[in-house]
**Q** 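One structure, pasted below without further comment.
In what follows, every chain begins at residue 1, and chains take the letters A, B, ... in the order their sequences are listed.
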There are 2 protein chains.
Amino acid sequence: MSKTDETAFETTRRVRDTCLCLHAQRAARKLARRFDDALRPVGLTSGQFSLLNSLNRPEPAGMGAVASLLGLDRTTLTAALKPLERRGLVQICVDPRDRRGRLMTLTPAGQALLTAATPLWASEHALLPGLLVEREVDSLRRDLLALS
Amino acid sequence: MSKTDETAFETTRRVRDTCLCLHAQRAARKLARRFDDALRPVGLTSGQFSLLNSLNRPEPAGMGAVASLLGLDRTTLTAALKPLERRGLVQICVDPRDRRGRLMTLTPAGQALLTAATPLWASEHALLPGLLVEREVDSLRRDLLALS
DNA sequence: ACTTTTTAGATTGATATCAACATGAATTAG
DNA sequence: CTAATTCATGTTGATATCAATCTAAAAAGT
């Protein structure tokens with residue numbers, strides 16, 4: 001193996017071990033699977049639970065606000081709503097005060113499902129702190145790793 | 001508004017503010033977008049960069065090992081390889097010692113692209129520590145939030 | 001040797017994700 | 001009061017993600 005190759009492999013190892021983006025993706029995937037499992041009894045994915053939850057407010061929410069709350073693209077939100085709308089959990093209507101906008105509301109069925117799902121979320125979430133370690137300089141990365 | 005509704009909204013707020021899964025998804029999405037932007041000049045997404053990087057090793061890697069390293073499903077890895085294989089960055093062949101297995105190798109083009117991409121990754125990654133705050137009990141969540 | 005089980009991946013189908021582009025409504029410039 | 005601009009969202013196309021199911025190969029049990 002040439003010296004150049006060794007350097008390349010060394011760089012690769014450094015990227016692999018330090019990249020916060022990779023650590024975050026990995027932790028996010030594993031957490032999603034974990035909560036997907038926990039929420040399977042009520043037929044929701046972790047993402048759908050977060051979405052339903054974010055729609056549970058006194059006043060109907062607009063798409064932009066929810067997309068930004070969840071940190072996802074507006075078009076991703078549009079797509080994510082479709083299965084929920086099909087299942088009658090969410091209702092979407094034109095904002096009468098600005099006809100470009102849409103307002104999303106939980107239906108009673110959506111409310112009920114969210115209520116059923118929340119305890120499942122809570123028990124699963126209660127398990128997580130046990131995975132985390134002490135804190136210091138590189139602790140975010142260690143935490144993301146611990147969750148993986 | 002009924003007392004019940006208020007309780008429901010309160011619960012929702014608590015879930016939204018504390019859920020580590022949501023925080024992780026959000027941070028992961030934002031980080032992915034950030035690195036997608038940084039790597040656009042070389043035509044790679046953040047995920048493709050991580051994958052190419054994880055394939056850069058002395059010995060060809062098997063799918064199971066790489067999937068587990070990246071924390072993703074084996075079937076997701078199968079799918080993720082296709083665009084890279086089409087572009088001639090990765091080569092996949094049957095493992096002669098176990099004909100169920102596949103061995104993945106970076107092609108010279110893949111090596112070259114990875115070499116070109118790494119400095120882009122490095123400059124972007126160098127910006128992240130500035131987003132992070134001090135550390136203590138709830139620091140993971142704060143960090144995920146800070147990255148969002 | 002032969003059957004059973006386990007293991008490695010691939011395929012399919014549903015959903016998630018975003019970029020690029022398109023549409024239509026409100027706002028602003030002139 | 002029209003024309004240009006900005007804004008909120010939708011559509012399309014590519015890729016990502018995983019569960020469920022399938023196939024084929026290796027390993028284990030008899």
**Q** Does atom CZ of R16(B) have more than 12 heavy-atom neighbours from other groups under 6.0 Å away?
**A** yes

**Q** Using a cutoff of under 3.5 Å, can you pull out all pairs of nitrogen or oxygen atoms linking the protein to nucleotides 12-15 of chain D, with atom names and distances?
**A**
from, atom 1, to, atom 2, distance (Å)
dT15(D), OP1, R86(B), NH2, 3.3
dT15(D), OP2, R86(B), NH2, 2.9

**Q** Flag yes if V15(A) and V42(B) sit in one hydrophobic cluster, no otherwise; membership is Ile, Leu, Val, Met, Phe, Trp, Tyr, and two members link when side-chain heavy atoms are under 4.5 Å apart.
**A** yes

**Q** Whole-Å distance between dT17(D) C1' and Q25(B) CD?
**A** 11 Å

**Q** Any ion pair linking E85(B) and K82(B) (charged N to carboxylate O, less than 4.0 Å)?
**A** no

**Q** Report the distance from atom CG of L31(B) to atom P of dT17(C), rounded to the nearest whole Å.
**A** 15 Å

**Q** Any Lys/Arg nitrogen of R40(A) or D37(A) sitting under 4.0 Å from an Asp/Glu carboxylate oxygen of the other?
**A** yes

**Q** Is the phosphate of dC18(D), meaning OP1 or OP2, less than 4.0 Å from a side-chain N or O of T76(B)?
**A** yes

**Q** Quickly work out the L84(B) CG to dA16(D) P distance and round it to whole Å.
**A** 7 Å

**Q** Within this structure, what is the CZ-to-P distance between F35(A) and dA16(C), rounded to whole angstrom?
**A** 17 Å

**Q** When all nucleic acid strands are considered with a 4.0 Å heavy-atom cut-off, which category describes R74(A): base, sugar-phosphate, or nothing?
**A** base

**Q** Below 4.0 angstrom from OP1 or OP2 of dG9(C), is there any side-chain N or O of T78(B)?
**A** no

**Q** Taking atom P of dG9(C) as reference, at what distance in whole Å does atom CG of L81(B) sit?
**A** 11 Å

**Q** State whether the side chain of R26(A) and the backbone N or O of L69(B) hold a donor-acceptor pair below 3.5 Å, judged by distance alone.
**A** yes

**Q** What does the list of N/O pairs under 3.5 Å between the protein and nucleotides 21-28 of chain C look like, with a distance for each?
**A**
from, atom 1, to, atom 2, distance (Å)
dA26(C), OP1, R99(A), N, 3.1

**Q** Taking R29(B) for the side chain and L70(A) for the main chain, is one N or O donor matched with an acceptor at less than 3.5 Å?
**A** yes

**Q** Could you tell me whether the side chain of R102(B) and the main chain of R100(B) form a donor-acceptor pair under 3.5 Å?
**A** yes

**Q** Are OP1 or OP2 of dC18(C) and a side-chain N or O of R33(B) less than 4.0 angstrom apart?
**A** yes

**Q** G47(A) near the nucleic acid: base, sugar-phosphate alone, or nothing, with a heavy-atom cut-off under 4.0 Å?
**A** nothing

**Q** Select base, sugar-phosphate, or nothing to describe what L77(A) touches, counting heavy atoms under 4.0 Å on all strands.
**A** nothing

**Q** In whole angstrom, what separates D36(B)'s CG from dA20(C)'s C1'?
**A** 15 Å

**Q** Could you tell me how far apart L103(B) (CG) and dA8(C) (P) are, to the nearest whole angstrom?
**A** 13 Å

**Q** How long is the line joining CG of L72(A) and P of dA16(D), in whole Å?
**A** 18 Å

**Q** Does S46(A) offer a backbone N or O that forms a donor-acceptor pair with the side chain of D36(A) under 3.5 Å?
**A** yes

**Q** Backbone N or O of G88(B) within a donor-acceptor pair of the T107(B) side chain at under 3.5 Å?
**A** yes

